[in-house]
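One structure is given below, encoded as structure tokens.
Here is the naming used below: chain letters follow the sequence lines, and residue numbers restart at 1 for every chain.
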2 protein chains.
Amino acid sequence: MSLRGKVTTLRDVAIRAGVSTMTVSKVLRGAGTISEETRRRVKQAAEELGYLPNNLAGSLSSRKSRMVAVIIPSISDIVFSEVLSGINSTLRPQGLQTFIGESLFDPATETELIRAMLSFRPAGILLNGGIARSADAAKLLARRNCPAIQLWDCDRRALDFSAGPSHEEAGRLVANHFLERGMRRIAYVGAELDKDLCARRRYLALKSSLAAAGIDLITVTCEERPRQAVTGRYLTEQLLRDHPGIEAVHFLNDAMALGGLSHLHEAGFPVPERISVVGFNGTSLANAVRTRLTTIDVPRAEIGEKAAQALLRMIGGEGVPDAWQARLKLVQGNTTIALGRPQGA
Amino acid sequence: MSLRGKVTTLRDVAIRAGVSTMTVSKVLRGAGTISEETRRRVKQAAEELGYLPNNLAGSLSSRKSRMVAVIIPSISDIVFSEVLSGINSTLRPQGLQTFIGESLFDPATETELIRAMLSFRPAGILLNGGIARSADAAKLLARRNCPAIQLWDCDRRALDFSAGPSHEEAGRLVANHFLERGMRRIAYVGAELDKDLCARRRYLALKSSLAAAGIDLITVTCEERPRQAVTGRYLTEQLLRDHPGIEAVHFLNDAMALGGLSHLHEAGFPVPERISVVGFNGTSLANAVRTRLTTIDVPRAEIGEKAAQALLRMIGGEGVPDAWQARLKLVQGNTTIALGRPQGA
DNA sequence: TAAAGGGATGTTATCGATAACAGCGAAGCT
DNA sequence: AGCTTCGCTGTTATCGATAACATCCCTTTA
């Protein structure tokens, strides 16, 4: 266990500085009125002993915490890193530390994470939207004693606040993009739609928008494979085999779109002349390859910032702001035909 | 603050079940000997009240914790997700929950994270190697009361245990790969080498191995840009401008290599006929595009598993195992010329 | 000069759990 | 019967901090 003897406590520091534990506590928190001389002595004693406060005791006693829990589906999903960076850049200056948990889209794992995080009585909890929440998780959240915020999804308002795009709008944007260009034979390629409910809503919105135009969306998905480039490539191969006459494809995300593009190139399908391709996210990936992917840009950092700002407001007792809807922008690349007039929302 | 009234405590459950708090505590932890009937009553009471244990109090009292702290440089770095999944798959079955912190390669941020994590008295702490550790961080770690493990780097043994590849070996593998193919005009493309000391060691090993063969490595790096595809593309452009006669390039990671490849294609440099390219990591990215990148495969999940196993052993008081060195494998793709004889270590 | 005010520090109770041990009745043993 | 043993449950002290209030002493002020 490598327990290096006894850990130093407030008491140890107090003895060394020749004051009471209360005085030490006040000095280290910058609370109360303590003379400059005592301050110095205490700080020096703490420094010499290498004192590290015990948050378990501190938070238990004060019923306050500087920890913010963030639970995301997947840390490898590039999407999330920028949301997190928006969160951190807003919370860190306020002295709040974010602790991250990864659920891998598994409701049971998410529930355990929520339980573990909440049992530390955090100052707030941020959860990704679009994951099927277990009944246990809902119960845990209902009895929480901290603000809860939903990320990446403004549509469902189960929690105190939510910041994210409307995934329905995203689906409609893609549908319009294709329809404006006269596409009729349209396909969707995705994965894990049973787990990622946000992606599923985008898909359904695309499907129903097309249906309204009399078009039957061709769907190629796979629940077992990851939402990554390899899968996009694999499913595109499958799509071309079954529906060689396809004119346009929307992918669940940019990574899958890139995988798909690589197969389209190899298979000799010119993009966008023969097939149009649209991704989702506007990640830097989209600009890293030969083709600039047409995609939907989501203001990821801003989502994190808005969520964090709302949290700060709630912690400060300033009430619960309304949900924030992120602006989406369809970014024209060279994987769909550029029209003369401006694109986007 | 949305404090939903008083949070239920052990006492509340005890009163409702008509027993003492101690009995409730024992039932919920599965400790002690409690009759089946009491067990049932307590569990039902806890369930009805939606009781959520307060870990602050529990861990404070028992001086035990089920939390494991993991601090990584960047969650967007695909590399880490598989290491983490190896960690989780080993720790979760044991009832340990991992909490992640992201340092973004910033020593000050890392120090604050270490402080925040340790102040919760975790069961263990896992840190990524290859980041310049501040003196404060070192001091914090020296006085920790839990096992500490270094990930992603087996070379430096500052902590109790370390699991990772030898980055020197990686550099040498690449050097040999180029030398075996008769390359003389060799370049390295990387970013943020001032922050990522592991990458820097790979680079230095490559450089010195080549120097031993009388070759002067051409280096193109940039400290301000991210270690991603866009940067690989940008720096490759710069490299070709300054050194059009180059024969081989090693990139810091696969993402940068893919960005570089896209520019090489556009600029009309056939790969591998005119220029050979080698990446690092063996991520799934490497197989998602037209070209199968020659790269060095690192057993990421296994690194996580070994680290977690070592942690479990140390928590169990079974002593400190020796550092574990991950096997590296140079995977021949089609971005370098295949030789007749087998490749690799 | 006595009362009031305020700066600096200490005392006590408490946060919500667990460790350690103490009780207490029923069963087993001689 | 009397004693031990064991199963079950409760009591007390404690973990390491903080909140709230109490002191103490030195200035002001009338």
Query raised in the report: After noting the C-alpha distance and the side-chain angles of B:Val83 and B:Arg300, does the key distance pass the side chain to side chain contact (heavy atoms under 4.5 Å, CB included) rule?
Result: CA-CA 5 Å; B:Val83 175; B:Arg300 293 179 292 283; 3.9 Å; yes

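- Checking D:dG10, D:dA17, C:dG16 against the side-chain heavy atoms of B:Ala57 singles out C:dG16 as nearest.
- The ring-ring contact (aromatic ring centres under 6.0 Å, His included) analysis of residues 79-112 of chain B, with sequence neighbours excluded, yields the pairs A:Phe120-B:Phe99.
- Panel note: side chain B:Ser61, backbone B:Ala57; no donor-acceptor pair is recorded below 3.5 Å.
- Without hydrogens or angle criteria, A:Arg143 side chain to B:Leu49 main chain gives a donor-acceptor distance under 3.5 Å.
- Candidate nucleotides D:dG16, D:dT9, C:dT9 were compared by shortest atom distance to the side chain of A:Thr9, and D:dG16 ranks first.
- Nucleotides of DNA chain D nearest to A:Leu10 and B:Thr38 differ in position, and the one nearer the 5' end is that of B:Thr38.
- Within the nucleic acid shown, A:Ser59 has no heavy atom closer than 4.0 Å to any nucleic acid atom.
- In this structure, A:Leu60 places its CG atom 17 Å from P of D:dT14, rounding to the nearest Å.
- Side-chain atoms of A:Glu102 come within 3.5 Å of backbone N or O of A:Ile75 as a donor-acceptor pair.
- The side chain of B:Tyr51 contributes an N or O atom lying less than 4.0 Å from OP1 or OP2 of C:dA17.
- Between the A:Arg121 side chain and the A:Leu118 main chain, a donor and an acceptor come within less than 3.5 Å of each other.
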Query raised in the report: What is the per-nucleotide protein-contact pattern of nucleotides 23-28 of chain D, from the 5' end, where B denotes a base atom under 4.0 Å from a protein heavy atom, S denotes such proximity for sugar-phosphate atoms only, and - denotes neither?
Result: ------

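- Across the protein-nucleic acid pair, B:Arg41 atom CZ and D:dC8 atom P stand 14 Å apart, rounded to whole Å.
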Check nucleotides 19-26 of chain C for protein N or O atoms closer than 3.5 Å to its own N or O atoms and list the pairs.
residue : atom : partner : partner atom : Å
C:dA19  : OP2  : B:Arg29 : NH1          : 2.7

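- Distance CG (B:Leu28) to P (C:dA17): 9 Å, rounded to an integer number of Å.
- What separates CG of A:Leu118 from P of C:dG16 is a distance of 16 Å, to the nearest Å.
- Regarding contacts with the backbone of D:dG10, a side-chain N or O of B:Thr23 is found under 4.0 angstrom from either OP1 or OP2.
- A:Ser59 contributes a side-chain N or O that, together with a main-chain N or O of A:Lys64, makes up a donor-acceptor pair within less than 3.5 Å.
- At the phosphate of D:dT9, neither OP1 nor OP2 sits under 4.0 Å from any side-chain N or O atom of B:Thr33.
- A donor-acceptor contact shorter than 3.5 Å links the side chain of A:Arg41 to the backbone of A:Ala17.
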Query - side chain to side chain contact (heavy atoms under 4.5 Å, CB included) between B:Leu56 and B:Leu60, intermediate numbers included - result: CA-CA 6 Å; B:Leu56 299 171; B:Leu60 174 62; over 6 Å; no

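- Taking atom CD on B:Glu37 and atom P on D:dT9, their separation rounds to 9 Å, with Å as the unit.
- Whole-Å rounding puts the A:Arg11 CZ to C:dT11 C1' distance at 12 Å.
- The backbone N or O of B:Leu141 lies less than 3.5 Å from a partner atom in the side chain of B:Arg144, making a donor-acceptor pair.
- Side-chain N/O atoms of A:Arg63 include one lying less than 4.0 angstrom from OP1 or OP2 on C:dG16.
- One interatomic measurement links the two molecules: CZ of A:Arg66 to P of D:dA17, which rounds to 17 Å at whole-angstrom precision.
- B:Asn55 places its CG atom 16 Å from the P atom of D:dG16, with the value rounded to the nearest Å.
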